[in-house]
Structures are given as C-alpha cells and as structure tokens.
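Note sheet for the following structure.
Whatever order the structure lists ligands and atoms in, that order sets their numbers, starting from 1.
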Amino acid sequence: MPDTSPSLATTASKAATRLKSRGLREVAALAWQRASDWVSSEDSLVFFVRDATPTDQAIPGLTFREATPQDAFRYARDIGTDSPSTFTGRLSPTTRCFVIDDGALLLHASWVTTAGAWTRELRAYVVPPGGEAYIYESFTRGEARGRGIYPFALHGVLAWGTANAIRRVWVAVEENNVPSHRAITKAGFVEAFRLPFARRFGRVEIGDATGPRASDAVRFLSRTPPR
Ligand SMILES: CC(C)(COP(=O)(O)OP(=O)(O)OC[C@H]1O[C@@H](n2cnc3c(N)ncnc32)[C@H](O)[C@@H]1OP(=O)(O)O)[C@@H](O)C(=O)NCCC(=O)NCCS
C-alpha cells in the first residue's frame with residue numbers, strides 16, 4: 001500500500017505522538033506555520049536525483065538499517081511523527097522506513113517508496129517512475145544534527161537501491177530548507193527540477209517545472225493513490 005492522504009483519526013494520533021516526543025513549543029510552531037501556509041503561501045519543491053550505486057560510508061557507533069514493526073515504539077518515542085500503530089501500518093514492501101540507530105536512540109529516519117507518497121505541500125501523490133525510488137519525510141533528532149547523519153542515511157538508501165534493482169533515487173525538499181539542500185548535495189544528488197506551488201485557503205496550484213529535467217516532472221504527480 002502506498003502512503004495515503006491521512007484520515008482525521010490518523011492525523012490526531014500523529015499529532016499526539018509528536019506532542020509527546022517533540023514538546024509543545026515545536027508542535028505549536030509547526031501548527032502556526034502550517035495554518036499560515038494554508039491561508040496563503042508560495043514555495044517550490046526542489047527534486048534531486050542520483051543513480052543508485054554501492055557506497056561504503058560509515059559513521060563509527062552508528063548503524064544504518066531498515067526499520068521493522070519491532071521499531072514501532074522507539075520510532076514513536078525518538079522520531080515522533082507516528083504513533084506505534086500508524087508507524088507499523090505504513091510499512092509495506094513498497095514503502096519502507098530506514099533508520100540510523102546508535103543503540104540507545106533512533107537518531108534519524110527516512111521513508112522510501114517505490115509506489116508513491118502523499119505530499120502535503122502539493123496535495124498530491126509523488127510517484128517515482130518504475131524501478132526508481134523516492135525518499136521523503138527525513139528527520140534527524142535535534143541534538144544529532146550537523147554530524148553528517150542524513151548524508152549517511154542517503155548513502156545507505158543508495159546502497160539498498162543497488163542491491164534491490166533500483167536504478168535511480170529521488171528526493172524532494174522545499175526551496176528554503178538550507179540544511180536539507182546541503183545534506184542532499186553532500187550525498188552526491190543533483191538538482192533535476194523545481195516545482196513552484198501556491199496555496200490560497202487550502203487550495204493548491206502547481207506551476208510549471210523548471211530545471212534540467214523539467215520534462216520528467218509531469219509523470220511524478222498523481223491526484224489519486226497509486227496502486
Ligand atoms: C535536514 C536534516 C534532515 C539534516 O540532517 P543532518 O543529519 O543534520 O544533516 P547534516 O549533518 O549533513 O547537516 C546538514 C546541514 O545542516 C546544518 N547544520 C549543522 N549543524 C546543525 C545543527 N546543530 N542544527 C541544525 N542544522 C545544522 C548545516 O548547514 C549542515 O550543512 P554543512 O555541514 O554543509 O554545514 C535535519 O536538519 C532535520 O531533520 N531537519 C528537520 C526536518 C527536515 O527539514 N527534513 C527534511 C525535509 S524532507
């Protein structure tokens with residue numbers, strides 16, 4: 001099953017977990033940001049791409065691995081974007097979660113899909129081409145940032161892709177997310193295209209893609225859940 005547009009119950013359960021894991025201040029700031037974005041905002045989503053290749057990146061003391069249902073409690077506690085049950089419900093053969101584990105805490109999580117992922121900013125599904133994968137919802141715990149953990153995770157996904165006949169890996173990030181841009185380009189990804197979008201009272205309008213692979217953009221978006 002691909003990630004689907006979340007129901008009200010799922011959204012409420014995720015919000016409660018986020019509140020417990022990240023605290024009132026971060027959750028309130030995020031809620032305020034999302035509310036003002038819903039009223040009126042303009043941004044661009046930048047899509048980066050890299051061919052999957054074997055890599056041998058390592059950070060001493062840290063393990064990159066695919067998460068399993070056994071990680072549900074730790075994911076809710078350490079990453080905090082899902083409750084244990086919504087986390088487990090999202091895992092499937094086409095939608096996986098990869099984590100960086102220091103033995104005590106999950107320091108980072110990134111989701112990877114070969115089917116499609118609901119993308120709140122665009123109010124659409126981002127669907128990677130057949131035989132390719134899309135990375136989204138990446139998060140490094142605040143105290144672990146700046147140690148190269150996200151690039152390490154991206155290299156891990158590239159190596160996983162190579163071992164699983166995935167030709168190419170994509171990742172998208174909002175234009176103004178500088179830490180993310182730096183991490184993604186450090187991992188050797190290059191910009192493919194930019195998709196501008198505007199929101200007015202919840203209604204999203206997507207503009208024309210620009211960039212070296214702008215012609216690829218049209219086949220990435222779907223209004224209906226991919227099968
Ligand atoms: C984006 C994010 C995943 C990067 O993770 P990371 O493991 O810190 O990645 P890196 O260690 O490579 O750091 C990337 C950049 O973050 C910035 N950075 C460094 N230390 C930092 C700190 N303590 N706090 C915040 N940002 C820091 C730097 O610009 C760094 O780039 P540089 O090393 O070339 O100067 C992380 O900042 C995060 O979880 N942000 C919130 C969620 C998000 O934006 N996710 C991505 C959208 S899908």
I'd like to know if R203 and E205 make a salt bridge, using a cut-off of under 4.0 Å between side-chain N and carboxylate O. yes

Which pairs of N or O atoms, one from ligand 1 and one from the protein, are separated by less than 3.5 Å, and what is the distance for each pair?
from, atom 1, to, atom 2, distance (Å)
ligand 1, 5 (O), T140, OG1, 3.2
ligand 1, 7 (O), T140, OG1, 2.9
ligand 1, 7 (O), Y150, N, 3.0
ligand 1, 8 (O), G146, N, 2.9
ligand 1, 11 (O), G146, N, 3.2
ligand 1, 11 (O), R147, N, 3.1
ligand 1, 11 (O), G148, N, 2.7
ligand 1, 12 (O), K186, NZ, 2.9
ligand 1, 31 (O), R182, NE, 3.2
ligand 1, 33 (O), K186, NZ, 2.9
ligand 1, 34 (O), R182, NE, 2.7
ligand 1, 34 (O), R182, NH2, 3.0
ligand 1, 35 (O), R182, NE, 3.3
ligand 1, 39 (O), T140, N, 2.8
ligand 1, 39 (O), T140, O, 3.4
ligand 1, 39 (O), R145, NH2, 3.4
ligand 1, 44 (O), N177, ND2, 2.7
ligand 1, 45 (N), S138, O, 2.8

Please check: side-chain N/O of H108 versus main-chain N/O of F139, any donor-acceptor pairing under 3.5 Å? yes

Is the NZ or CZ atom of R96 both under 6.0 Å from the centre of the six-membered ring of W111 and within 45° of that ring's axis? no

Look at D82 together with R90 and state whether they make a salt bridge at an N to O cut-off of under 4.0 Å. yes

Is the side chain of S110 donor-acceptor paired with the backbone N or O of F98 at a distance under 3.5 Å, no angle test? no

T68 side chain vs Q70 backbone, donor-acceptor pair below 3.5 Å: yes

